[in-house]
Protein chains: 6
Amino acid sequence: MVYVTRREVFSAAHVLYNAEWSDSRNAEVFDKCANPRGHGHNYVLEVTIAGEIDPSTGYVIDLKLLKSIIKEQIIAKVDHKHLNYDVDFLQNIIPTAENIAVAIWNELVHRIPSGTLYSVKVHETENNCAEYKG
Amino acid sequence: MVYVTRREVFSAAHVLYNAEWSDSRNAEVFDKCANPRGHGHNYVLEVTIAGEIDPSTGYVIDLKLLKSIIKEQIIAKVDHKHLNYDVDFLQNIIPTAENIAVAIWNELVHRIPSGTLYSVKVHETENNCAEYKG
Amino acid sequence: MVYVTRREVFSAAHVLYNAEWSDSRNAEVFDKCANPRGHGHNYVLEVTIAGEIDPSTGYVIDLKLLKSIIKEQIIAKVDHKHLNYDVDFLQNIIPTAENIAVAIWNELVHRIPSGTLYSVKVHETENNCAEYKG
Amino acid sequence: MVYVTRREVFSAAHVLYNAEWSDSRNAEVFDKCANPRGHGHNYVLEVTIAGEIDPSTGYVIDLKLLKSIIKEQIIAKVDHKHLNYDVDFLQNIIPTAENIAVAIWNELVHRIPSGTLYSVKVHETENNCAEYKG
Amino acid sequence: MVYVTRREVFSAAHVLYNAEWSDSRNAEVFDKCANPRGHGHNYVLEVTIAGEIDPSTGYVIDLKLLKSIIKEQIIAKVDHKHLNYDVDFLQNIIPTAENIAVAIWNELVHRIPSGTLYSVKVHETENNCAEYKG
Amino acid sequence: MVYVTRREVFSAAHVLYNAEWSDSRNAEVFDKCANPRGHGHNYVLEVTIAGEIDPSTGYVIDLKLLKSIIKEQIIAKVDHKHLNYDVDFLQNIIPTAENIAVAIWNELVHRIPSGTLYSVKVHETENNCAEYKG
């Protein structure tokens, strides 16, 4: 079993806000992340596939193919977007790094043609990240 | 003459939009950066001071002091904010990296107690940055 | 299960020295790391928590809380300190990256209010690190 | 159990080419990676050892020793080389990151004097990497 | 005057070899860089433009345009190539970082539509780089 | 004129302390940097040489030679050392990043065999650095 990882980046805005709570409760829990107009990040996304090496190519998965799947299914939908409003697969969830990682996993898991999706890791800043392994 | 640099980071949203133009003209010029809800970045700010070394401290400027000036005058106003709406010193300008660098320079230039402000550099992503030297 | 990681940095001095050995044995085993006055590093600490996402917040753990626990329990005690002399929780151990990781784990494991401490990783340089998972 | 990692870098050329295929099939599968003269990378190699801490040294393994093993067995053979032609332990395999990671594992696994080889990770670019755990 | 920089990366092979010298003289001067089959790098290219900010856009130069010029004129010609054989604008020069920086400058200087080319910087590894300012 | 830069790293301890001042004055000015036992950093040193390209080599300076000069004259004397006590060329100065940069300049300026020393830059942390250009 070999693990291959592809890294992509996207720049997006978000707000942390629970619509079932009052503004003051949101401000108390989410602090500056609850700023109504939003703030943003250069997100770093790492997608890891686990599988055996195909001896005819030396690949677990063709990373050009993995790159194009991530670009089409994820990056095209989130890059230069506001994650609370503009992204179909993030509707009705609070866009924390944790929830983004799980949502991206759910978008990708049935679209990986060979190998097995092993991990989706989302870095929000150089100090904070979340990883989901299914 | 010695140059000392302090690096700080902030996370903010922005939109590139010229209010004097039609939406289609904005979309044509600014492309995905014109997405109305905004997107965001982890901005990296580098502030460089030029001066002579004080022999009693070995400092051009006390970096603890420079850090606190940058934190109070800049980071407190831009971190976790939407740069088009929430920041007094960015009102009525298009918040490109170029304009942000110039605006931060103008905020800092009269508040550096020793040495001389030499450069303000703003990295928008790992691939794009702007620098202003007055 | 989602894994969230918080990164913090601290600058400290240390010496690798076994007090039960002669100076020459220490020099032989620890080489330049045994320099008596010490040397130092910008340590990078990564603390990973594993848990389920709280649907009301989207958080496994509030990273502001995790940050404040790490700052109070660890960073305040090790930053700008000499690890062989100044740190209560490192007394009587040789402050290798391995031992520092285990000691930080022991300081944190009972102070994580939700989720489970999963990993403590200590980078000594850009080339060397140690990780402990309990 | 503690995991210690040593990072080394090497600069090498390679071509992805399956000698049993036609040139056009190679170009179709490997695309620009099949350019006959080759291209190259600054590879980043991370070797992780798992073991218990020796209480007399605080080490899982002396990283100076691990460094010298990696330098002698791997870096001396691959740095500033063309991986398709110049490296004995890469003969007759397609030098993808996956195959390089497995081949380096096989070179190192019997030469680690204490602890257990846990992982070999090869970064080909800042966006692509492969990891093998035996 | 504001300075804006665009960063791009490319992966290429090269050999340092002076065709007017004997092989032994080449080996003596260029050492392991003279390995006949070549080695390679992930080159990092930084192109800096100096100019005044256009008040209607906030741009010194549209970085999307600068990116597309660099991609078409440089990256398409050098990425996944062998710099000694495959690149028209590097014919008959020894492809050191210095010479690559100058050659890229010469390719770009007449193609920058607004602003002025200020600097071309080529990083060969994380430790070595060369910069040319015309 | 082309500028070539070599990067090296070293790990060292230091204390900021002015021997002509009282301990309380030192603590007031240097704060946690005045901790008597010292703290430390992974310093990053960047040395830049300016010169014309030698057409027979494509080099401004052979970076292998520059590397060996830096290793012998600087790194061998400061790596894994306490900068206040162990380094001849730092005696009787307060080892701030500013003073270290100037001292390294003075060590190197007469030992560069071709080209001209242009800049010495010392990064103390990822957030603080000092540069001296003579």
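Since the model is a prediction, treat every value here as computed from it, not as a measurement. A, B, ... follow the sequence lines: proteins, then strands. Residue 1 opens every chain.
The candidate from R37(B), H82(B), E124(B) with the greatest count of non-hydrogen atom pairs under 4.5 Å with chain A is R37(B).
Atom CD of Q73(A) has more than 12 neighbouring heavy atoms from other residues, nucleotides or ligands inside a 6.0 Å radius. By the neighbour-count criterion of 12 heavy atoms within 6.0 Å, atom NZ of K133(A) is densely surrounded, having more than that number from other residues, nucleotides or ligands. More than 12 heavy atoms of other residues, nucleotides or ligands lie within 6.0 Å of NZ in K77(A), so this atom counts as buried by the packing criterion. The neighbour count for E20(A) CD, taken as heavy atoms of other residues, nucleotides or ligands under 6.0 Å away, does not exceed 12.
Interface remark: V78(A) contributes no atoms to any contact with chain B (heavy atom separation under 4.5 Å). Contact annotation for V15(B): neither backbone nor side-chain heavy atoms come within less than 4.5 Å of a heavy atom of chain A.
Nearest approach of S11(B) to G40(A), heavy atoms of both residues: CB-O, 3.1 Å.
No side-chain donor from either of H80(B) and N35(A) sits under 3.5 Å from a side-chain acceptor of the other.
Within the 4.5 Å cutoff, no side-chain heavy atoms of N42(A) are placed close to those of E126(B).
Shown here are the ring-ring contact (aromatic ring centres under 6.0 Å, His included) partners of H123(B), two or more places apart in sequence or in another chain: there are none.
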